[in-house]
Amino acid sequence: MNTALKIGGKLGMFALLAFVGTFGIYMFNVENKLIYYVIRPLLNKHYDSQVRDRRIV
């Protein structure tokens, strides 16, 4: 019984910390900032360096 309470307590603490972490990401809009400041410039650099072989007429 005692080990079940310890395991349940640890799982509850992990769930609480996971919720607080994801709530912080949501409230501070971290995922969109990451996309705007990190991923988008990398994709722009990649696609701007490609050689275009077709022209739109």
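Throughout, numbering of the chain's residues begins at 1 and tracks the sequence. Because the structure is a prediction, the values reported are computed rather than measured.
- Atom CG of L34 is separated from atom CD1 of I25 by 10.0 Å, given to the nearest 0.5 angstrom.
- In R52, the CZ atom is crowded: over 12 heavy atoms of neighbouring residues, nucleotides or ligands sit closer than 6.0 Å.
- The side chain to side chain donor-acceptor pair (under 3.5 Å) check on E31 picks up nothing, with sequence neighbours excluded.
- Residue I35 holds its CD1 atom at 12.5 Å from CG of L42, rounded to the nearest 0.5 Å.
- With sequence neighbours excluded, the residues that form a side chain to side chain donor-acceptor pair (under 3.5 Å) with N29 are N32.
- Each of F28 and Y36 belongs to its own hydrophobic cluster when Ile, Leu, Val, Met, Phe, Trp and Tyr are linked at side-chain heavy-atom distances under 4.5 angstrom.
- Here the straight-line distance linking atom OH of Y26 with atom CZ of F19 works out to 11.0 Å at 0.5 Å rounding.
- To the nearest 0.5 Å, atom CG of residue L17 and atom OG1 of residue T22 are 10.5 Å apart.
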